[in-house]
Amino acid sequence: MADGFNPLERARWLRAEIERHNRAYYELDSPLISDAEYDALFRELLAIEDADPALRTPDSPTQRVGGAPLPEFSPVRHAQPMLSIRTETDFGEGGALAFDARVRRELKLADDAPPVEYCAELKFDGLAMNLRYEHGVLVLAATRGDGETGEDVTQNVRTIRELPLRLKGEAPAVLEVRGEVYMRHDDFARYNAAATERGEKTLVNPRNGAAGSIRQLDPRIAASRPLSFFAYGLGETQGWTLPATHAGILDALADFGIPVCGERVITAGADGLVAFHRHVGEARATLPFAIDGVVYKLNSLALQEQLGFITREPRWAVAHKFPAEEATTTVLAIEVQVGRTGAITPVARLAPVFVGGVTVTNATLHNEDEVWRKDVRVGDTVIVRRAGDVIPEVVGVVVERRPPGAEAFRMKDTCPVCGAHTVREPGEAVTRCSGGFSCRAQRIQAILHFAGRRMMDIEGLGERYVERLVEFDYVHGVADLYRLTLGDLLEMKQRADERDGTVPETVKAGQTPTRWAENLLAGIAASRRPTLARLLFALGIRHVGESTAKTLADWLGSIERVRRAPAPLLAVLPDIGATVAAAIADFFAEERNVRAVDELLCPEIGVAPADEHAPRPGLGERLGWAELYAVLGVPRLTPLRAKQLAAVVDGATLAREGVNEPLLSDAGLPADVLAALADWLQGRGHRGLLAAVAARRDELLAALPPASALLPAAAPLDGKTFVLTGTLPTLTRDEAKALIEAAGGRVSASVSKKSDYVVAGAEAGSKLERARELGVAVIDEAALRDLLARQQSPQLPGETVEQAAERAEHS
DNA sequence: GCACCTCGAGTTCC
DNA sequence: CTCGAGGTGC
């Protein structure tokens with residue numbers, strides 16, 4: 001080039017310059033150049049990159065304003081799950097004191113040990129985000145989602161100007177930054193003023209503004225919204241030596257150019273936490289952004305590791321919120337709603353009131369006792385807040401302002417929808433409609449539940465359509481959904497429009513709108529292959545939610561086995577006790593339910609779980625002495641007592657020795673139970689016990705088709721010793737242990753030469769190092785699952801050994 | 001037998 | 001998010 005102009009060099013210089021000005025603008029709050037000059041630099045860079053797209057880099061500031069709108073966000077699995085944080089329930093000083101006390105107890109500190117060091121920060125009210133930098137370049141931004149899987153919103157997050165697209169300084173190979181996207185009060189006000197001027201919709205509050213902007217499919221809209229970001233932690237890192245403390249991490253992030261809130265302290269003991277909470281509470285109104293509390297974290301990472309996690313919440317951190325904003329309004333009416341289980345819930349209709357950032361018009365009153373406790377009456381002036389800043393809640397009544405003659409609420413003794421009488425079981429808080437499936441409200445709710453996102457996930461089937469389908473009798477049970485035709489839907493729509501007296505625009509124009517109906521039919525058709533767990537959850541069996549449905553699917557593997565399993569066998573599964581087991585067995589004993597399930601599964605309708613498999617090995621073994629004792633039918637021998645009995649004596653010994661005091665004294669069983677047991681044994685002869693147990697066991701197992709599939713093909717991990725360390729992505733330590741043991745393996749606490757595998761998860765510590773020293777194989781959760789899955793391939797009914805092996809390959 | 005934790009169910013608003 | 005209820009460990 002004759003004039004020595006090198007576009008590559010120039011582009012590089014422009015990028016650095018633009019980022020420098022960005023930082024000056026946001027971090028130092030002191031722009032070095034005018035907006036016009038900034039724009040000129042920006043446009044020059046755009047021009048160079050447009051002329052030669054090869055010069056465009058992912059970290060270029062021009063990439064902040066992304067290209068075309070996305071059709072939808074793609075799911076992203078987090079390298080490390082995004083955990084939630086426990087919230088202290090006491091809004092006052094007690095919250096800080098309780099946390100400190102818990103930490104000291106867990107760390108086993110003596111009362112006179114020095115105070116523990118904490119890092120205390122603000123809890124920003126925004127949208128949690130995971131930013132992934134690889135070799136210093138922002139490559140992925142994902143929402144939290146369910147903690148395991150979020151959505152890829154990189155395009156929108158790139159538009160946040162104060163976020164570096166490239167890190168300053170020496171960046172590690174991988175650095176995931178956890179933080180909050182939020183909107184400042186002044187930016188929010190300025191944006192709304194401008195939006196009003198343009199005649200556009202305004203944002204309701206900064207929080208929804210931030211969340212809504214990030215969820216825009218068109219990144220140009222997100223770019224127009226003034227968003228900010230604060231980091232508060234880490235996700236996965238590679239090639240980086242972690243600082244020793246949480247405060248150190250925040251400092252390091254700030255050095256990389258990531259925005260970190262300066263309002264944070266390192267402090268010692270409960271006193272420091274209380275002081276910070278009070279200080280921030282006083283300063284809250286003057287902060288330029290919204291917070292809903294403060295967060296305390298144990299500062300030392302080593303101590304954090306020592307405390308670990310309870311399920312998905314760290315034991316070493318806690319959120320301490322401020323009391324929610326309250327407002328007063330009046331109760332216009334108290335109405336009742338009927339849920340899918342028939343539960344009748346009173347709801348207060350309120351005069352609209354703006355509280356906690358939104359206008360509230362309804363608030364649940366939960367149940368009869370709750371209304372009675374708070375003594376809420378129609379016409380009352382009540383204090384309302386958004387519990388946890390989300391769900392509206394009636395805090396209390398201003399009794400002085402009660403209008404004369406206001407009457408106390410009384411639950412009606414008939415269902416408001418179907419007129420059936422209502423019942424309240426003794427000891428239960430809820431009142432239920434006894435109408436069951438003949439109550440329209442319950443049918444509608446049951447179908448809505450079936451279609452829900454975590455169940456069959458039928459797109460396009462919302463409350464409106466379900467109500468109409470049921471009302472006009474096109475759908476009676478869930479199976480009818482799959483029989484709907486285009487004609488049915490159009491006819492229904494026409495009848496609904498006629499009744500409501502509405503005439504859609506398209507009909508006026510002489511057209512027949514079919515698009516929505518086609519979409520709905522496509523949604524229904526697409527739901528025919530749910531996972532077994534989703535199908536079980538969708539059926540709406542009492543006490544069977546998402547988690548229990550997963551347990552059933554996991555252990556029994558097929559809908560046939562679930563529906564044929566006797567209650568005592570179900571009760572053997574983890575977290576399923578007598579009540580839940582009975583609810584499941586009762587459901588499948590009910591004629592109507594049997595028919596409904598048969599219908600769904602029949603070839604004509606063709607719903608079929610996509611992931612049926614053999615039962616988990618170890619199911620038979622779970623039927624131990626405790627379970628078998630419990631189902632013998634000995635009077636007064638409850639499951640709990642059966643367990644106590646099993647702890648001191650197995651069936652063979654009991655049959656041989658009979659009920660003798662020295663043998664059973666350790667069980668701690670009441671005399672009447674022992675007497676009943678002795679009586680029972682008397683009746684059958686002691687030998688009868690073994691026979692009865694064996695028969696019962698066979699009977700339970702034989703109920704499941706086919707019996708052979710229940711027995712593990714081989715214990716795949718027989719004799720292998722495992723050590724668990726760190727937090728696994730999906731399994732808790734106990735689950736991993738159970739899986740390994742069910743497959744014949746052993747789990748030990750420390751690594752030695754005899755260990756076969758160390759299963760390492762996130763934040764693995766010294767055990768991992770020791771494994772490396774000793775040359776013990778280190779595997780992750782996925783590899784563990786492979787080990788468990790690969791070698792076990794029991795056959796499904798009608799399947800050859802080869803087919804089973806092939807299936808195992810694919811799963 | 002009690003304390004603790006988890007799960008299920010119902011609900012709000014955008 | 002809250003409440004109640006079921007399950008389990010101490």
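None of the values given here were measured: they were computed from a predicted structure. Letters go in sequence order (proteins before strands), and every chain restarts at 1.
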* To do: Sugar-phosphate means primed atoms, P, OP1 and OP2; the rest is base. With that split, encode nucleotides 9-14 of chain B 5' to 3' as B, S or - using protein heavy atoms under 4.0 Å.
  => SSBSSS
* Asked: In whole angstroms, how far is the P atom of B:dC7 from the CG atom of A:Asp575?
  -> 7 Å
* Asked: Got A:Arg432 and A:Arg424 here, is their nearest side-chain heavy-atom distance under 4.5 Å?
  -> no
* To do: Just say parallel, tilted or perpendicular for the rings of A:Trp516 and A:Tyr465, cut-offs at 30° and 60°.
  => parallel
* To do: Say whether, by atom type as modelled, one donor and one acceptor occur between the side chain of A:Gln304 and the main chain of A:Leu298 under 3.5 angstrom.
  => yes
* Does C:dA5 have OP1 or OP2 sitting under 4.0 Å from an N or O in the side chain of A:Thr579? -> no
* Check the angle between the aromatic planes of A:Phe124 and A:Tyr182 and answer parallel, tilted or perpendicular using the 30° and 60° thresholds. => parallel
* Of all the choices, C:dG6, C:dG4, B:dC7, which nucleotide is nearest to the side chain of A:Arg373 once you look at every atom? -> C:dG4
* **Integer-rounded Å distance: C:dT2 P and A:Asp369 CG** => 19 Å
* Asked: Between A:Met455 (CE) and B:dG8 (C1'), how many Å, whole number?
  -> 10 Å
* To do: Measure the acute angle between the ring planes of A:His320 and A:His277, then classify it against the limits of 30° and 60° as parallel, tilted or perpendicular.
  => parallel
* **A:Thr345 side chain reached by A:Val430 side chain, heavy atoms, under 4.5 Å** => no
